Every structure is written in C-alpha cells, then in structure tokens.
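Side chains are part of it too, since the values below use all heavy atoms of this structure and drop only hydrogens, waters and symmetry mates. As the structure is a computational prediction, the values presented were derived from the model and not from experiment. All ligand and atom numbering here is 1-based and tracks the order in the structure.
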Amino acid sequence: METVLLTGGMGYIGSHTAVELLREGYDVIIADDLSNSSAEVLDSIEKITGIRPLFYQVNAADKEQMQPIFRDRAVSAVIHFAGYKAVGESVAKPLMYYRNNIDSALTVLELMAEHEVQRFIFSSSATVYGEHNVPPMTEDLPTGGITNPYGWTKYMIEQILRDAAKADQELSVVLLRYFNPIGADESGLIGEKPNGIPNNLMPYVAQVAAGIRDHLNVFGNDYPTPDGTGIRDYIHVTDLARGHVAALRYSRTHTGAETFNLGTGRGVSVLELIHAFEKANGIKIPYEIAPRRAGDIAEMYAAPDKAEKILHWRAEKTIEDCCRDTWRFQKKIADELRILRSH
Ligand code: UFG
C-alpha cells in the first residue's frame, strides 16, 4: 500500500483529496496546523470513508515539526496543499505570503531529499496564466503577468520545482493548475468553510441562500463577455480530488516536472452560476451589480485535453451537481450553528 502525505490535508481541497485517496485504498497521512481548518474535518473523513487518517498538527514550514513524519513513516509521495490562499490578503501582507508559501514548499522538498521521497504533487493555480493570455489556457502558454502576491507564490514555487526536478533525475514533480473549485462531497459532511466574509463567488452565493448575507454583489457587468459578467471554469472539488489520484498514479512511473490543468474546459459566467444555483436548489439569490473587483480578469477557462490524454482523467460532474452539493453542505453548517446557538 502506498502512503501519501497531504500537507494542508484538512483544508477544502486537501480533505476531499484525502477522501478520494482513502476510497481508492491509499494510506493517508495528514499534516496541517489547523490555521484555516478545524479538527472536526478528521471525524468527517472517518465518517465518510470508515478510516481515520493519521494526523499531525504541524506547520509545513517548520522542519523540526515535520521531521518525525518523514523519520517514522514510510512516505511514498507528498501532495502539497499547505499554503495561504486569500488573494486580497496577499496584496495587504505580501511578505507573510512569500515567507509562508515558499518556506513550506522548500521545507517539504528538503525533507523529501533527506528521506529519499521522490514524488511531489503541487497545488498550483490557473492564476499563473496571468492577465495576458487568452483562454482556453494550454499548459505550454507563458506564465506571469500575475496581479497579486498569492499568485506569484504559485508561480515561484512552480519554478523552484522545475529546477529541483532538473537537478535530481529521480524526482517526479507534478504541477496541477486548478481552475475554480466549488461543490462538496456528496455526503454533505465536508466542504468549503471560509472564515468571515467569503472572497469567492460560490461560498458567497451559498451564504446568501442561507440568509447569512442579504445579497450578492456581482463584480462588474461590463466585461467583454456575452452577459458582461466574468467567466470562470468551475470544477467540482470531487473531480479535482480525483485528478490528484490520477496524478499520483502517473508519478509512479514518471520523472521530471510535468504540468496539468485541472479544469472542465467549460466557461460559466457569474450570472449563469447564480441562475444554476437558483434552479438546482429552488432558492432565489438576490444580487446587485457592483463595480469590477481590482485584479479580476474577464475570462479564464482550461484546455483540459492534456490531463485527459496523459492522466486519463477528466471532470465529470455538472454545474448542477456543484450547486446541489454546495447547498447540502451549507445547510449542514447552518444546522450546526443553530444547534450551537440553542444550547
Ligand atoms: N465574483 C462576484 N462576486 C463575489 C465574488 C466573486 O461577482 O462576491 C466574481 C468575480 O468577479 C469573478 C468570479 O465571480 O468573475 C469568480 O471569482 P472568485 O473569487 O470565486 O474566483 P477567482 O477566479 O477570482 O479566483 C480563483 C481563486 C484563486 C485563483 C484563481 C485562479 O480564488 O485562488 O481562481 O484563476 F488564483
């Protein structure tokens, strides 16, 4: 059995990947400092899969804290999710983002080299395509022209990983460029749970649906798109998680650094997403047109062909699935809050 270490494995994408790996019979170890997640996620993973992964509450950038995992466990591969991810916050606190995100990647790579672990899968982002490329984005496009430090950390870590793979002929690096993950596991037990006011569209829509916020602001309706609102490639988080399983399988026989988009290839506008949510769940989402958000681009969607051809993976779920599953999870957390308040 292969043992896979998931840094940041308690977070939104990490926890869904843990579930898919456990479903496929992998042995999963999670390293997470719980800075943006909670310990209950472990109970939920166990409820869904019947297996409780080994959990280390550690900061991935802290070599001393991470050392025991590599010393005591036979890790065959690492999927590195750990990192700060709020675009706006990264503009306000760039040093914090560069320090944390780059340090954690370097720490894990150093530990891997010391313990002869040779397979590294990285959570990159479509944000590395920047504002100059025209979609559909293919992996061979030049990267750069990024509008925020968060995105630059992804860009820089990609470069670090390509250099590391060049220097070490035995290393296998898989760079996964995520488009816009939404949705939740069908069980409704895990999902995206942002702290405070959500930055991203889908969690905001879900909170409007739950009555937590009274309306959604649509950031701009004067983009050069059919309905004037921004277009993104929304991918169900379970599809995305399965992309990691495919990448892991691929990395068993691969060396060097290879990049794959994990997207659907389908562009959906903000208004289309709102209407899909309303239709799938029978709930009205009040919205208002607001000014454009700084740093946003008009259109971003993947060319998904390379992952399909080489990883034998493609996204299968629909936007309706995404909307239904998001709402199922949102209802669960709303119920929990009500129970808490009534006590
Ligand atoms: N939007 C709104 N109202 C909101 C929030 C978002 O209209 O309250 C719009 C945005 O303007 C954009 C679309 O919804 O057109 C999607 O916005 P998100 O914030 O959900 O996602 P982004 O595409 O801006 O960013 C996401 C991830 C980043 C990643 C990037 C890669 O959050 O981590 O995709 O393209 F870098």
Side-chain angles (χ1 to χ4, degrees), residues 8 11-13 36 81 83-91 97 101 122-137 141 143-158 175-183 192 194 196-209 212-235 237 240 261-264 266-277 285-303 319 322-323 326:
Y12 175 44
I13 302 173
N36 194 21
F81 296 104
Y84 295 152
K85 60 168 189 178
V87 172
E89 185 185 48
S90 80
V91 176
Y97 269 68
N101 290 8
F122 179 56
S123 295
S124 190
S125 166
T127 197
V128 301
Y129 290 116
E131 52 182 355
H132 305 304
N133 290 308
V134 177
M137 304 303 180
L141 286 170
T143 52
I146 298 160
T147 53
N148 61 82
Y150 155 77
W152 282 114
T153 69
K154 296 294 181 190
Y155 173 96
M156 289 173 190
I157 296 167
E158 281 200 1
L175 307 172
L176 299 178
R177 292 181 181 156
Y178 308 155
F179 284 71
N180 291 55
I182 58 171
E192 188 170 18
I197 302 169
N199 297 307
N200 298 113
L201 178 61
M202 191 53 136
Y204 206 105
V205 168
Q207 292 198 0
V208 172
I212 301 168
R213 323 226 164 249
D214 58 80
H215 74 280
L216 169 79
N217 287 312
V218 173
F219 297 144
N221 69 345
D222 55 354
Y223 283 106
T225 61
D227 67 19
T229 65
I231 288 182
R232 295 292 181 275
D233 184 337
Y234 297 97
I235 175 170
V237 67
L240 190 78
N261 288 334
L262 295 184
T264 68
R266 166 188 69 201
V268 171
S269 75
V270 176
L271 293 182
E272 282 171 337
L273 190 78
I274 296 172
H275 294 137
F277 190 97
I285 304 295
Y287 68 86
E288 282 170 21
I289 305 298
R292 291 183 181 192
R293 182 172 66 179
D296 274 358
I297 53 171
E299 255 193 307
M300 173 69 88
Y301 56 91
I319 283 288
C322 295
C323 294
T326 298

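Side chains of K154 and R177 form no contact here, defined as non-hydrogen atoms less than 4.5 Å apart. Contact check for N101 versus Y84: side-chain heavy atoms found under the 4.5 Å cut-off. For the pair Y129/M300, a side-chain contact is recorded, criterion being any heavy-atom separation below 4.5 Å from C-beta on. Side-chain contact check for I182 versus L273: some heavy-atom pair is nearer than 4.5 Å. The shortest side-chain heavy-atom distance between D214 and P286 does not fall under the 4.5 Å cut-off.
Of the protein's non-hydrogen atoms, the one nearest atom 16 (C) of ligand 1 is Y234 OH, 3.4 Å. What sits closest to atom 26 (C) of ligand 1 on the protein, heavy atoms only, is N180 ND2, 3.6 Å. What sits closest to atom 18 (P) of ligand 1 on the protein, heavy atoms only, is N200 ND2, 3.4 Å. The protein heavy-atom contact nearest to atom 9 (C) of ligand 1 is V270 CG2, 3.7 Å. The nearest heavy-atom contact from the protein to atom 12 (C) of ligand 1 is R232 NH2, 3.8 Å. With respect to atom 11 (O) of ligand 1, the closest heavy atom belonging to the protein is D296 OD2, 2.6 Å.
Side-chain N/O atoms of Y234 and T264 include no donor and acceptor closer than 3.5 Å.
The nearest non-hydrogen atom to atom 5 (C) of ligand 1, considering only F219, Y223, Y287, comes from F219. Between atom 3 (N) of ligand 1 and the options V268, I146, N217, the minimum heavy-atom separation is to N217. Remark: among candidates R293, M202, Q207, the nearest residue to atom 24 (O) of ligand 1 is R293, based on non-hydrogen atoms.
When heavy-atom distances to ligand 1 are checked against a 4.0 Å cut-off, Y150 comes that close only through its side chain, counted from C-beta outward. Looking at T127 against ligand 1, both its backbone and its side chain come within 4.0 Å, counting heavy atoms. Both the backbone and the side chain of L201 come within 4.0 Å of ligand 1, counting heavy atoms alone.
Using a 4.0 angstrom heavy-atom cutoff, Y301 does not count as in contact with ligand 1. Contact analysis puts S125 in contact with ligand 1, with a non-hydrogen atom separation below 4.0 angstrom.
A side-chain contact (heavy atoms from CB on, under 4.5 Å) with I319 is found for one member of R266, H275, E272 and no other, namely R266. Considering I231, D296, V270, I297 in turn, D296 is the only one that fulfils the side-chain contact (heavy atoms from CB on, under 4.5 Å) rule with Y223. A side-chain contact (heavy atoms from CB on, under 4.5 Å) with Y287 holds for exactly one of V205, L216, N217; it is L216.
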- request: Please report the C-alpha distance between E89 and Y150 in whole Å, then the side-chain angles of each, then the deciding distance to 0.1 Å, and finally whether the side chain to side chain donor-acceptor pair (under 3.5 Å) criterion is met.
  value: CA-CA 8 Å; E89 185 185 48; Y150 155 77; over 6 Å; no
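Ligand-side atoms of ligand 1 in range of G230: 15 (O), range being under 4.0 angstrom from any heavy atom. Which parts of ligand 1 touch V218 is read off a 4.0 Å heavy-atom cut-off, strictly below it: atoms 7 (O). Every atom of ligand 1 with a heavy atom of N199 under 4.0 Å away is listed here by number and element: 5 (C), 19 (O).
Checked by atom type and distance alone, the side chain of N261 pairs as donor or acceptor with a backbone atom of M137 at under 3.5 Å.
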